[in-house]
Amino acid sequence: MSCALLLLLMSLALAMGTGAAVEIQRPRGVPLSSEQFYEENKPFTCLDGSSTIPFDRINDDYCDCRDGSDEPGTAACPNGSFHCTNAGFRPAFIPSSRINDGICDCCDTTDEYNSGATCQNTCREMGRKERESLQIMAEITKEGFMLKQQLIHEAKRGQEDKQGKLTELQGSKKGLEEKVEALRTVKETAEDPEKEAKERHLKSWEEQKELIRMEKDKTRMAEAFLELDDDADGYVSVAELQSHLELDPDSDGSLTETETQVRCLSSSSTLFLPLKADDEVSMPPYDTETQSLIDGAYSHLFYNLGLVPQSLICDPEFIWICRNLEKEIGFDFGPSAEFAYLYSQCYELSTSEYIYRLCPFNRVSQKPKFGGSETNLGLWGQWAGPEDSLYSVMKYDHGQGCWQGPNRSTTVKLTCGKETVVTSTSEPSRCEYLMEFTTPAVCQEPASLDEVLQGHTEL
Amino acid sequence: MAAFIVRMGPLLVLWLAVFLSGTWAVDRGNFKTCDQCAFCKRQRALKPGQSLYRALLETLELTNTKLTLQLINDNNKVRLLLELYRLQGNMTRVKINELKPLKPRFEVPDVLINDPPTEPLSLLSQDENGVVLSLGADSQRLIVSAKPFRLDIMEGREVLLSLNSRGLLAFEHLRIRKDTQVDPEGAEKKEETDAANEPAEGETAKEDGMWEETFKSHTDNKPNGPSSISLDFSLPGVEHVYGIPEHADSLKLKTTDGGDPYRLFNLDVFQYELFNPMALYGAIPVMLSHSAQRTMGIFWLNAAETWVDISSNTAGKTVLGQMLDYVQGSSETPQTDVRWISESGIIDVFIMLGPTPTDVFSQYASLTGTQAFPPLSALAYHQCRWNYNDQEDVAAVDQGFDEHDIPYDFIWLDIEHTDGKRYFTWDPHKFPQPKDMLQGLIDKRRKMVAIVDPHIKVDSSYKIHNEIRSKGFYVKNKDGGDYEGWCWPGNSGYPDFTNPEMRAWWASMFAYDQYEGSMENMYTWNDMNEPSVFNGPEVTMHKDALHGTWENRDLHNLYGLYVQMATAEGLIERSGGVERPFVLTRAFFAGSQRYGAVWTGDNTADWDHLKISIPMCLSLGLVGVSFCGADVGGFFKSPSTELLVRWYQTGAYQPFFRAHAHLDTPRREPWLFGPENTALIREAVRQRYALLPYWYQLFYHAHHSGQPVMRPLWVEYTQDTATFSVDDQFLLGRDLLVHPVTEEGAKGVTAYLPGKGEVWFDVHTFQKHNGAQNLYIPVTISSIPVFQRGGSIIPRKARVRRSSSCMEHDPYTLFVALSPKRFAQGELYIDDGHTFNFDKQKQFIHRRLSFANNALSSRNLAPGSQFITPSWIEKIVILGASKPSKATLKTPDGKESLLEFEFDASMSVLTLRKPGVNAGVDWTVVLQ
């Protein structure tokens, strides 16, 4: 009713050439800002200057201007645009081709003035809804932003802690080197063909080993292992090693299987020790027979490999601990390290078929709810947002390969929220996953609500 | 949609491992060569020579409608019955069956639209060597030679076509298996060999696969024994033959000497290869021959597996029969010899004598019907993907088109939309509210296609399955139980679409109250209807499966046609007979054109597949199927951005314009490749929409008279031998010539502009070019070389909107391209775009537009019709014009008004501003 009345009023006003209301003084589809170019009863020059036409050819349903500026209110020009005022909501431009196409595009119904389409003026309702949702968003943003400040604070403290740890570890490097030197002696002794000497050596080596072990922070060792053991199966596989680019000797960004093997062999002494060490902590001492078997295996290994840790630099266990710390410290956790709290955390979302698991800065995976093995949907790649908001998107790639397709990958879109939650997952393209994730860490400093609302209404 | 995929149950894993074998090409080992196909091998072993058949002239009977005559094989004494018909419209029908078959042999039903009307044959002369019959006009005669038997069709002293001139008529008569049963007829025992080199029974029979044949792990039991047929045709003066789709090969058919014959056997071929004669999804046993003198057609009406051999003396061989002393010319006269071999049924051949391509199209249309007239929107752009995942995905893609201002009319749902591949259902999680989704599309004046395949999940909780089973509508296996095979849903039954009751029931399932969630803007796609049976021989149905009393062997190639027929009927019925249906099919046969569109199946995203889309659709157009397209972008693999853009540009000028992609490929909606490529694709799609009035008019003609929409050049330039092998460009109707860019990194293309003394106008620049020349056209990534023939008028709608429905009432722009004699002619066809009212109530506008003597006028071409359109004439663009002093519009009410105009002297383009006259009335514009 109000729509029809408005139309009636407008057409009457146009027909009579009177200026009862502001918007009817300009030709249909012209925004207030361009009104000056459409002077009544004066020749009109196309806005691109390409030609000049009589005023009555404006909106006469024939395209005279190359830029479409003579037909702001009809569909005649292929490149024209129509302005809807949308009082109560926000104004908009729509392509001319949507004028009178039978589909209501402008909430004030002004685009469908001659198509027979029955449109309802929904601007007021849309405006109200938008204000409501903006209000809600503003509140979330406000609270989220406060939480973010907290996160930044915590991250700063955590960073300092870790830096301290690192310095401490590096300080003990020298002491460790001496111990390794002792180890070397033990090893050389072990090569003594005489059995007794060997046993003695083994015994003393055990002691030395114990010493080393005591020196080390056990939790750090566990971390080093876990860092490698992506699937938490208690074993470090080649694939897992390959996923750790910090081990990549030729720095080509990937660890080949050969490289991994070399790495495993050359570091076997040390790789072996810490991994075993964890299990041995609570273990009763071996009986002599077993111990000699184990020891025999160790020495056999040493013989075969002919390798002794040459220096501390080659002690990957230590390196891993340090590197892990260095890596964490050096990680890009956002401009103020606000994303640091996500490190070594995991978040799950359960759908009808799968449980999705996002471990930020590590990996994304999918596990069928009713049996079946977990699928790797991608390993941490990089921040991948657009230039102006780099930290709004995370990219995980090099996941499990797809049949005749790419390796699985996941894009994680971050939005501001009070809680840290995975809100949705989808697979828009085969093996390319999309995850939505809310976190306070992306909340921007809120503008005042009034400003927000003002920016969205013209009138 | 695809052939095979990993999402099948674990059941298929082993088989898949074998089948897929990890390569990007067809596994040829899954499909038979002629040598691996017992009847083809037996028949091909018979070499050209003197025919074993003799006509028994004393049995000749001539009635008003036909001539009958018995033939005898002198080796085995089996008699055949020959029937000859003179059909109205310059056609001859030749039927050969066993005189007394042990049991009836299959004759193809439901393909001919009626019993073709005959004309009387008259006997001109007869002696002991044969008879001469008059074929009516043009001094055409049919000569039946008795010993050996052969037929020759003559015009004057010229042999147009000979049958059995190479003695390859062979008819494996039905017989009783001798190693298991005593032959009741003593006479049979004497036979040593028959025409098809029939071997001795027993061991050799098994070897020759007459009663049983094994391919890979599949054994084909043949309770009816050998039943194949063969006949040769010689075409003197012919070097170019076309047709017999579907093959991924050049337009001009190649000789098959030294290789396999072209195979016609509807198969789901995974990742098909190009340029070979392997069978594909559909089969239309129609071949056209063309020379500068004459165009003819051979329609071999047989729905069993068929192989076609082609040889040519210009390829080095001379096999011209030497018996007829009046054969003119030397041995250098070019000749093409063709041989058809089918596994069962009878010989039933229609010889369409042309003489022009237009005549052949009309002749074939009079036999099998014309292209279904699609709803206008079906000619617009279709957006498909395996799969749009859920309702939100559909809404987002729909929104994406609007955000990027790219028009589209249909969005498609592949198999994943169903509840566990149970067709006619919806996945309750992904598509919980299909009507809301469809209403959302209605609100945008857009439409949807949802897939309905003919394999039915065997599942006692599935209504469709239960009903088909309880009604006994499934195809049966040789033992009489329901035939089951693997397809998408796992174990599946296959409804017997050859049964009219089954088809009626199937059609009723499309009623709105049966097909829950369907609405009037939802249409249907029939895939996998060869039928595809993952664990069947050659990935299709066992040949000994039973359709009523007939084996799949007899009618295999018809199955897909029936599926589409029943589905289209369902869509018509649900609207109370008012609305035109739209159904896409992958498998097809002669006559399928009556039911909707076809596409070239599961192609691949590479440049050669883009190129092959042209000859594949041209070949289909020649044999009635105008509504053809290839998956834009390529189904398998992921196209480069350049390939995708080029494919849109090509597809925009091919009849069925649908983008589609495999489940495993990255998304490729048009806006995902950066703003520049989005703009290129938008422009290609917009060109399509602007040209929709012309497309619609072409389809009206295809429907009305059987003329193909997309045509090889030789169809319009019959004398110009330079056009005979061209298949990298094509004509749309007579008036548009399209040479798509199909080379990677192309800097230019060379288009052949035909027609001595004609001119062509570049539709983008309006530049004029002379005909009968190879024109080098420099191209950029935005170029789509298209030319309008001088002498034509093409209507367009310049106001491209977001769907074709939105453009319904928009005004027309007429592009008048003047011939060198300053003449042009065109048409304008308008109706409601979606109902049968154009046909039933003559509600349409069909106008003749002509430009002559400096006047352009619109006159009614269909006085009996009536339709009111609000559309008007917005603009008239005259190419090749000179500058007038004034332009006057005269309307029927006697009014005259001056039109403003602009003249571009550099391009000789005259633009008349806003005639404003209604598109449905008479008017004239006079230039002075």
Side-chain angles (χ1 to χ4, degrees), chain A residues 50-51 53-54 56-57 60-64 66 68 71 74-81 93-105 111-112 114-119 351-353 371-372 401-409 411 424-434 436, chain B residues 5-7 16 20 22-24 271 385-390 392-393 396-397 402 405 407 428-430 442-446 636-638 661-669 672 686 689-690 798-803 805-811 813 870 872 874-875 900 902 913-916:
Chain A
S50 57
S51 64
I53 56 170
D56 63 8
R57 294 217 168 153
D60 73 337
D61 210 11
Y62 185 90
C63 192
D64 292 289
R66 255 178 303 178
E71 297 293 318
T74 78
C77 293
N79 51 350
S81 63
F93 284 97
I94 59 165
S96 290
S97 65
R98 296 185 191 171
I99 299 168
N100 291 328
D101 69 347
I103 300 162
C104 311
D105 290 286
D111 60 318
E112 296 300 314
N114 194 25
S115 69
T118 46
C119 300
T351 66
S352 56
E353 278 177 89
C402 268
W403 177 77
Q404 293 203 341
N407 283 0
R408 287 172 175 78
S409 65
T411 301
S424 77
T425 63
S426 57
E427 188 183 357
S429 201
R430 185 105 156 99
C431 301
E432 291 179 9
Y433 296 82
L434 179 66
E436 299 201 24
Chain B
I5 228 40
V6 284
R7 283 190 173 173
L16 279 167
L20 299 173
T23 59
W24 271 112
Q271 293 180 345
R385 169 173 185 83
W386 177 25
N387 214 89
Y388 285 120
N389 299 327
D390 48 32
E392 292 70 38
D393 199 0
V397 171
D402 283 346
D405 202 15
H429 303 292
K430 298 168 179 166
I442 288 175
D443 292 345
K444 295 274 192 75
R445 307 184 73 175
R446 287 174 177 146
F636 291 112
K637 301 212 277 185
S638 193
H662 189 281
L663 183 71
D664 283 337
T665 59
R667 294 289 280 235
R668 54 170 99 135
E669 285 69 47
L672 294 176
R686 282 180 168 216
Y689 275 72
R799 305 180 180 191
V800 175
R801 305 195 189 239
R802 64 182 132 196
S803 74
S805 302
C806 293
M807 296 162 64
E808 185 184 355
H809 300 314
D810 280 340
T813 297
W872 45 283
E874 177 174 27
K875 191 193 279 193
E900 276 191 40
E902 272 177 53
R913 187 186 191 279
K914 206 181 178 187

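From a predicted model like this one, the values you see are computed outputs, not experimental measurements. Chain letters run A, B, ... following the sequence lines, proteins first, then strands; residues in each count from 1. Quick note: numbers below take in every heavy atom, side chains included, and nothing from hydrogens, waters or symmetry partners.
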Salt-bridge contact B:R799-A:D61 (side-chain N to carboxylate O under 4.0 Å): yes
- prompt: Does any heavy atom of chain A fall under 4.5 Å from the side chain of B:E669, the backbone, both, or neither of them?
  reply: neither
- line: Minimal heavy-atom distance between B:R385 and A:P428, with the atoms involved, is NE-O, 4.4 Å
task: Would you check, one step at a time, whether the test side chain to side chain contact (heavy atoms under 4.5 Å, CB included) holds for B:H809 with A:S115?
output: CA-CA 9 Å; B:H809 300 314; A:S115 69; over 6 Å; no
Heavy-atom proximity to chain B below 4.5 Å, by part of A:A76: both
- prompt: When heavy-atom pairs shorter than 4.5 Å are enumerated against chain B, which of A:P95, A:C104, A:C63 gives the highest number?
  reply: A:P95
Lys/Arg-Asp/Glu bridge criterion (N-O < 4.0 Å) met for A:D101, B:K444: no
query: Do any N or O atoms from the side chain of B:N389 and from the backbone of A:E427 form a donor-acceptor pair under 3.5 angstrom?
result: yes
- prompt: Counting distance only, does the side-chain N/O of B:K914 pair as donor-acceptor with the main-chain N or O of A:D60 below 3.5 Å?
  reply: yes
- line: Note: vs chain A, highest number of non-hydrogen pairs under 4.5 angstrom among B:T665, B:D402, B:D810, B:V800 is B:D402
- prompt: Quick one: does B:M807's side chain get under 4.5 Å of A:S97's, heavy atoms only?
  reply: no
- request: Could you have a look at B:R667, B:R668, B:E808, B:R802 and say which one has the most heavy-atom pairs with chain A under 4.5 angstrom?
  value: B:R802
statement: Heavy-atom nearest pair, A:P78 first then B:R686, reads O-NH1, 3.9 Å
field: Side-chain heavy atoms of B:R913 within contact of A:D64, under 4.5 Å
entry: yes
Nearest atoms (heavy-atom pairs only) where A:Y62 meets B:E874: CE1-O, 3.1 Å
query: Can you tell me if B:R801 uses its side chain to pair, donor with acceptor, with the backbone of A:A75 under 3.5 Å?
result: no
field: Validation row: A:I103, B:C806 side chains within 4.5 angstrom (heavy atoms)
entry: yes
